Amino acid sequence: SRRVITYGTFDLLHQGHLNVLERAKALGDYLIVGVTSDIFDANRGKTNLKQNLLQRVEAIRKSGLADEIIVEEYVGQKISDIQRLDVDVFAIGSDWEGKFDYLSEYCQVVYLQRTEGISSTMLRADLQTV
Ligand code: C2G
């Protein structure tokens, strides 16, 4: 079987996220989704999230697309996840093109087409105005 992993914050889970999860799942037969912890995101400058880790994990679970959900808590965790979970493919949206090429030492790296016209930032802005 081919094991695929993808990561993200997934704040206010939207169609762009669902598309990338579906495309990632289609690359194999077992999809692991790494959801970033609140502290991990704060440390990389994402400070205005609308949902906490538990809410973001719950939305991924409800999507039914993940075979396994893990939490990403520290920089450098991707390599140990790939090794520990025997991952064959790392997949992520094309906004990260080239950024994860270093993982190709450990597994196949695939950049998936990003969905234009929708983002967590847009949805957060909408929430501000209602
Ligand atoms: N995405 C997408 N289209 C959008 C928005 C997001 O395809 N319109 C994809 C991103 O490319 C990513 C996933 O959805 O693959 C999650 O996006 P974010 O929640 O913004 O998380 P991100 O900051 O990309 O996580 O370890 C964390 C990851 O390295 C990056």
Side-chain angles (χ1 to χ4, degrees):
S1 82
R2 251 163 90 82
R3 295 162 64 82
V4 184
I5 198 164
T6 192
Y7 292 86
T9 304
F10 305 108
D11 192 31
L12 304 173
L13 193 69
H14 58 65
Q15 194 58 49
H17 297 142
L18 296 171
N19 290 345
V20 91
L21 292 173
E22 278 169 11
R23 287 169 188 154
K25 196 176 176 82
L27 296 172
D29 26 52
Y30 189 85
L31 179 65
I32 304 161
V33 179
V35 181
T36 54
S37 74
D38 298 320
I39 291 169
F40 181 92
D41 275 327
N43 286 341
R44 64 184 183 131
K46 282 195 172 185
T47 52
N48 57 346
L49 303 184
K50 287 293 178 213
Q51 295 184 305
N52 65 29
L53 172 64
L54 195 61
Q55 294 170 312
R56 292 181 287 111
V57 165
E58 185 58 11
I60 295 289
R61 192 190 64 74
K62 281 189 182 150
S63 79
L65 292 165
D67 295 295
E68 184 172 342
I69 300 173
I70 63 170
V71 177
E72 183 178 33
E73 294 183 271
Y74 61 92
V75 176
Q77 186 181 321
K78 288 183 178 75
I79 291 173
S80 72
D81 288 342
I82 288 165
Q83 293 180 322
R84 176 175 64 91
L85 299 168
D86 198 17
V87 167
D88 300 294
V89 185
F90 170 89
I92 196 124
S94 54
D95 46 318
W96 292 97
E97 186 80 54
K99 297 274 169 36
F100 290 104
D101 288 356
Y102 70 93
L103 294 174
S104 62
E105 195 178 321
Y106 306 93
C107 67
Q108 189 186 343
V109 175
V110 176
Y111 298 99
L112 298 164
Q113 188 197 324
R114 183 183 163 82
T115 305
E116 297 306 326
I118 183 149
S119 70
S120 301
T121 306
M122 277 174 43
L123 296 175
R124 285 190 293 261
D126 286 351
L127 286 178
Q128 300 294 341
T129 58
V130 290

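Note that ligands are numbered from 1 as they come in the structure, with each ligand's atoms numbered from 1 the same way. Everything numeric in this text was worked out from a predicted model, so none of it was measured. What you see below is based on every heavy atom in this structure, not just the backbone, and it leaves out hydrogens, waters and symmetry mates.
- Ion pairing between a basic and an acidic side chain is recognised when a charged N comes within 4.0 Å of a carboxylate O; Arg61 and Glu58 show such pairing.
- No donor-acceptor pair under 3.5 Å is formed between the side chain of Glu68 and the backbone N or O of Ile32.
- Electrostatic pairing of Arg114 and Asp95 counts as a salt bridge here, judged by a charged N lying under 4.0 Å from a carboxylate O.
- Judged by distance alone, the side chains of Tyr106 and Gln83 never bring a donor and an acceptor atom under 3.5 Å apart.
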Does ligand 1 have any N/O pairs with the protein under 3.5 Å, and how far apart?
| from | atom 1 | to | atom 2 | distance (Å) |
| --- | --- | --- | --- | --- |
| ligand 1 | 3 (N) | Thr115 | N | 3.2 |
| ligand 1 | 8 (N) | Thr115 | O | 2.7 |
| ligand 1 | 8 (N) | Ile118 | O | 2.6 |
| ligand 1 | 11 (O) | Gly93 | N | 3.4 |
| ligand 1 | 11 (O) | Asp95 | OD1 | 2.6 |
| ligand 1 | 15 (O) | Gly93 | N | 3.0 |
| ligand 1 | 19 (O) | Thr9 | N | 3.2 |
| ligand 1 | 19 (O) | Phe10 | N | 2.9 |
| ligand 1 | 20 (O) | Lys46 | NZ | 3.3 |
| ligand 1 | 21 (O) | Thr9 | N | 3.1 |
| ligand 1 | 23 (O) | Arg44 | NH1 | 3.2 |
| ligand 1 | 23 (O) | Arg44 | NH2 | 3.0 |
| ligand 1 | 23 (O) | Lys46 | NZ | 3.0 |
| ligand 1 | 24 (O) | Trp96 | NE1 | 2.8 |
| ligand 1 | 26 (O) | Glu72 | OE1 | 2.4 |
| ligand 1 | 26 (O) | Glu72 | OE2 | 3.3 |
| ligand 1 | 26 (O) | Lys78 | NZ | 2.7 |
| ligand 1 | 29 (O) | Lys78 | NZ | 3.3 |

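- Here Tyr7 contributes atom OH and Glu72 contributes atom CD; the two are 6.0 Å apart, rounded to the nearest 0.5 Å.
- Using a 4.0 Å cut-off between charged side-chain N and carboxylate O, Arg56 and Asp38 make a salt bridge.
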